[in-house]
Every structure is written in structure tokens, then in C-alpha cells.
Amino acid sequence: MQQRKTNVMAVTVAIYVATFMSAIEGTIVSTALPTIVGDLHGVALMNWVFSIYLLTNAMMTPIYGKLTDLIGRKPVMQAGLLIFIVGSMMSGLSDSMPTLIFWRAIQGIGAGALMPVSMTIIADIYSFERRAKVLGFNSSAWGIASVLAPLIGGLIVDKLSWHWIFFINVPVGLITLILFQVYLREPKRHNNVKVDYLGSFWLMLFLLGLMLSFQLLGNATINWATVVIAWVVSALSLWLFIRRESHTDEPVISLKLFKNRTFVIQNAVAALISGFLMAVEVYIPTWTQGILGVPASLAGFAVTPSSLMWIIGSFVTGRLLAKWTPRRIIYLSLAFIAVTGICLALIPVTTAFGWFFLITAVGGIGFGIVITATTVTSQHLVSPKTVGVATSFNTLSRTIGQTLMISVFGIALNVGMNHGIARHPGTNMAMMNKLINPQTATELPAKLLPTLRGILYNGLHWVYLIALALLVIAVIVNTLDRGPQLTAAQHAEKLHQRERDEAKD
């Protein structure tokens with residue numbers, strides 16, 4: 001009996017829905033968070049609603065990547081979706097902040113499968129030539145989510161209740177689960193599954209310490225003793241993980257990957273640019289609301305052109321990958337992003353709202369090129385047996401870059417504003433908190449508004465100078481790719497030829 005083939009269109013729809021759920025989760029919860037905190041009386045714990053989700057998500061990403069290569073994409077995606085659905089259902093049923101935080105951790109464990117496994121499945125069902133276009137289409141889910149999430153979140157909270165922020169994931173998740181079950185076909189894997197539990201433990205402990213330290217660094221008051229302990233635990237766990245992986249037959253992340261200079265550089269650039277992306281997506285809305293007084297409902301649209309042009313950049317990448325070397329493609333993407341970075345670092349405080357559409361649109365092309373190129377190239381630099389691991393490592397690199405830079409940018413903004421407040425007697429941080437929200441900015445004395453906006457501008461200036469430094473580092477890192485200059489397809493063919501030669505021997 002002939003096995004049915006994968007229904008590519010249905011699976012692509014399922015992947016898109018899974019991506020959209022992952023993309024909308026953070027923003028839609030942030031929209032409802034004030035209501036949740038008021039209902040559950042947990043303002044002191046509110047940051048953990050986000051933090052724990054990010055922590056468990058990042059910790060599980062490389063584990064899922066390994067499992068996709070060992071037991072297959074379909075069962076791992078289904079397991080991740082089931083865990084995500086259960087976590088969502090129980091989050092919606094939570095009646096206290098600690099309970100909500102616990103189930104958000106479970107939700108994050110499930111969500112860790114959605115992005116890396118989705119991109120691995122795309123690598124399986126699409127040819128090299130079409131893959132970049134499909135990744136670009138899939139990335140549009142993030143742009144649509146950034147626009148719809150505040151609207152959907154506000155509507156659900158107003159018309160239903162905050163519980164439905166989580167309940168809505170249940171039917172959508174179940175439909176996605178059914179689509180994968182019915183339409184995704186993959187060959188059965190007969191290899192004996194050997195999971196490196198000890199290596200997985202050390203890796204998760206390393207990521208826990210690392211990500212937790214980033215979260216702590218982003219707090220208004222930093223407990224340095226706890227941060228140092230987290231760093232020590234993270235460093236020790238990393239050493240134990242490397243030691244374990246160098247001696248096990250089935251490593252979670254093969255150390256051989258790091259012998260490929262191009263692979264390391266591609267993922268390092270992905271991490272750096274993902275960090276830069278946070279300066280655009282998080283702090284431009286802060287600029288437009290705090291300095292220009294644009295309502296929150298409109299401020300987010302300032303970064304929408306970036307998401308839309310991201311798709312164009314991904315489509316362009318599809319053509320470039322077949323003709324250009326990875327190093328050359330990265331240089332092109334960094335040129336676009338540099339225009340955005342330089343503009344944000346230099347534009348005056350009086351810059352009109354409309355200019356941000358143009359600035360973010362140019363950067364969006366660069367983001368689309370670099371993220372798509374590093375993902376596809378990473379997949380082509382490894383053997384088919386380790387595509388899942390390579391894809392999840394690429395996702396993890398970007399997550400770490402984003403988490404680290406959110407903390408660094410937060411510190412830079414606070415330091416910059418404190419310097420400004422010190423130079424202007426009569427101002428304080430409480431005023432700055434009111435300024436950032438256009439609804440409360442009207443409570444401030446009109447004569448102080450220009451001064452306060454100048455202080456906020458000074459803090460944001462520090463953020464964008466650091467973001468520019470990230471671009472400089474990315475350029476330097478990219479220049480280190482001095483090996484044979486081959487396209488991604490040529491790299492893959494060279495790897496496959498080596499594997500064929502080894503099989504003959």
C-alpha cells in the first residue's frame with residue numbers, strides 16, 4: 001500500500017497558524033496584563049508572567065530540535081502543541097498569580113517547539129529555491145500579530161474577560177494539531193532513540209541561569225548578588241555540558257557544528273541583529289508615545305512597515321541565496337539596517353511621526369534578508385540528520401540576542417534618563433513614567449513637557465548608540481568568514497559529497 005504524500009498547502013497553513021499563535025502570545029498578554037494584575041492582585045509578580053514563559057521557551061528549544069532529528073518532526077510538534085494547549089487552558093483557569101505563573105511556564109515549554117519545528121518542517125517540504133519565499137510569508141505572521149494583538153486583546157478583555165486571552169489558544173491549537181495529524185507525512189524512523197538526559201539537564205540549567213540573569217538585569221533595582229550567582233551557575237553548567245557532549249554518542253547539540261566557521265558566524269550575526277531588532281520594535285513606540293504624544297493605539301503602527309518590508313526582504317533572499325555567498329548577503333542586509341540605525345541615532349527630538357514609517361521600512365528589508373538567510377544557510381551547512389538541531393540553535397541564538405539586549409537597552413534608557421534628571425532640578429522618574437503614557441502625560445505641568453521629552457530623547461539616544469555598536473560588531477563578525485566563499489547550495493553539495501565519500505570508505 002502506497003503511503004500518502006504530505007499535503008504541502010495544508011501543512012503550510014498549519015505552520016502559519018502555529019507561528020501566529022507564537023507571535024501574538026506576548027503582545028496579547030501584555031494588553032490584558034493590567035486587568036489580570038488587578039483581578040489577581042499580583043503587581044509584585046507581574047513581570048514573571050512574561051519572564052517564566054520566555055525562560056521555559058528558550059530552555060526547551062534545543063531539546064525539541066534534537067528530538068525532531070531523533071523521532072521525527074510530527075510527534076514533536078504534536079507534543080509541543082498539546083503542552084501549549086494544556087498550559088493555555090490552565091492559565092485561563094488560574095485564580096491566583098502564582099498559579100498563573102506556573103501554567104505560563106508549562107505554556108512556554110510547549111511553545112518552545114512551535115518556531116524551530118515549524119522551520120524544520122519548511123526545510124523538509126520545500127525546495128531550497130522556494131524556502132526563502134515561504135519563510136518570508138511565514139514571517140508575515142509576526143507583522144500581522146503586531147497590528148492585531150492589541151486590538152484583539154482589548155476586544156477580548158472588554159467584551160469577554162482576560163481568561164479568554166488564554167482560552168482562545170485551545171480551539172486554534174486543536175485545529176492546528178489536527179492539520180498536522182492528517183496532512184503531514186514523514187518516513188518512519190527506526191533508529192533507537194537515545195536521549196542524552198544529563199546533557200539536556202546541563203544545557204537547560206545553563207540557559208536558565210543565563211536567561212534569568214538577563215531578566216534580573218532588566219529590573220529597576222538590580223540585585224547583583226543574585227545576578228552573579230546566576231552567571232556562576234550558568235558558566236559551570238556550560239562547562240559540564242560541553243564536557244558531556246564531547247563524550248556522548250548522541251549529543252543534544254553536536255560540538256562538530258561549531259567547527260564550521262560559517263555556521264557559527266551566521267548564528268552570531270542572527271543573535272546580534274535580533275538584539276538590534278528590539279531597539280526598533282520596543283523603543284520606537286516608546287519614542288512616538290513619550291516624545292510625540294501619539295496614542296498607544298497608533299504608536300505601534302510606526303513599526304508596521306518593518307514587518308511588511310520583512311516579507312519583501314525574504315523574497316529577495318530567495319534569489320540571492322542561489323547566487324551570492326552568505327558573507328555577501330549579510331553585508332547587504334547590514335547596509336539596510338545601518339540606514340535605520342544611523343537615522344535613529346541622529347534624528348532630532350522634533351522628528352515627525354511619518355518619518356518613522358520610512359525608517360522602519362528600510363530596516364525591515366534588512367531584517368527580512370538577514371534572518372531568512374541565516375536560517376536557510378544554517379540548515380544547508382549541516383547534514384539532513386541534524387537539520388532540526390541546526391534550526392533550533394538558530395532560533396535559540398535569536399532568542400538569547402533579544403533577551404540580552406532588552407535588558408541592556410533597559411539599563412541604558414534608565415541611566416540616560418537619570419543623567420537628564422540630575423541636570424534638570426524639579427524633574428524625577430515618576431514624571432518620566434507619566435510622560436511615556438500619553439493618557440497620563442496630560443497630568444504633567446505644560447511648561448515641563450519640553451524638558452521631560454528632552455530627557456526621554458537623551459535616554460533613547462543611548463539605546464540607539466548601543467544598537468549601532470551591535471551593527472559594528474555584526475560587520476566585524478561577518479568579516480571573519482574567510483573560508484572558501486561558496487553559496488549555501490554549494491556548501492550543502494560539498495557537505496553531501498564528503499558524506500558520500502565517508503560512506504564509501
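In what follows, residues are counted from 1 in the order of the sequence shown. Only this structure's heavy atoms are used, side chains among them; waters, hydrogens and symmetry mates stay out. All values reported here derive from a predicted model rather than from experimental measurement.
Residue Leu114 holds its CG atom at 6.0 Å from CE of Met77, rounded to the nearest 0.5 Å. Distance check: Leu205 CG to Leu240 CG gives 9.0 Å after rounding to the nearest 0.5 Å. For the atom pair CG (Leu471) and CD1 (Ile337), the distance works out to 6.5 Å, reported to the nearest 0.5 Å. To the nearest 0.5 Å, the span separating CE on Met115 from CG on Asn394 amounts to 9.5 Å.
Of the possible donor and acceptor atoms, one in the side chain of Thr68 sits under 3.5 Å from a partner among the backbone N and O of Gly65. The closest donor-acceptor contact from the side chain of Asn169 to the backbone of Ile85 lies at 3.5 Å or more, if one exists at all. Thr56 places a side-chain N or O within donor-acceptor distance of the main-chain N or O of Ala105, the cut-off being under 3.5 Å. Remark: the backbone N or O of Val389 is paired with a side-chain donor or acceptor of Asp69 at under 3.5 angstrom.
Between Trp162 and Phe166, the ring planes lie perpendicular to each other; the angle is over 60°, past the 30° to 60° tilted range. Using cut-offs of 30° and 60° for the angle between ring planes, the Phe409 and Tyr283 rings count as perpendicular.
Shown here are the side-chain hydrogen bond (donor to acceptor under 3.5 Å, both in side chains) partners of Ser200, two or more places apart in sequence or in another chain: there are none. Remark: Thr99 pairs with Ser96 by the side-chain hydrogen bond (donor to acceptor under 3.5 Å, both in side chains) rule, at least two apart or across chains.
For the pair Tyr53/Gln107, a side-chain contact is recorded, criterion being any heavy-atom separation below 4.5 Å from C-beta on.
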**Request:** Take Val11 and Ile121, measure what side-chain contact (heavy atoms from CB on, under 4.5 Å) needs, and give me the verdict at the end.
**Result:** CA-CA 9 Å; Val11 172; Ile121 293 173; 3.9 Å; yes
**Prompt:** Where do Ile329 and Gln266 land on the side-chain contact (heavy atoms from CB on, under 4.5 Å) test, with the steps shown first?
**Reply:** CA-CA 11 Å; Ile329 294 172; Gln266 291 286 303; over 6 Å; no
**Request:** Start with the C-alpha distance between Ile83 and Ile106, add both sets of side-chain angles, then the distance that settles side-chain contact (heavy atoms from CB on, under 4.5 Å), and finish with yes or no.
**Result:** CA-CA 7 Å; Ile83 296 170; Ile106 302 301; 3.8 Å; yes
**Asked** Given the rule in the side-chain contact (heavy atoms from CB on, under 4.5 Å) test, do Val227 and Asn223 qualify, once you have shown the distances and angles that lead to the verdict?
**Response** CA-CA 6 Å; Val227 171; Asn223 186 331; 5.8 Å; no
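Residue Met59 is tested with Leu203, Leu208, Leu210, Ile109 for a side-chain contact (heavy atoms from CB on, under 4.5 Å); the sole match is Leu208.
Applying the ring-ring contact (aromatic ring centres under 6.0 Å, His included) test to pairs two or more places apart or on separate chains, those with a residue in residues 246-265 are Phe258-Phe393, Phe263-Phe393.
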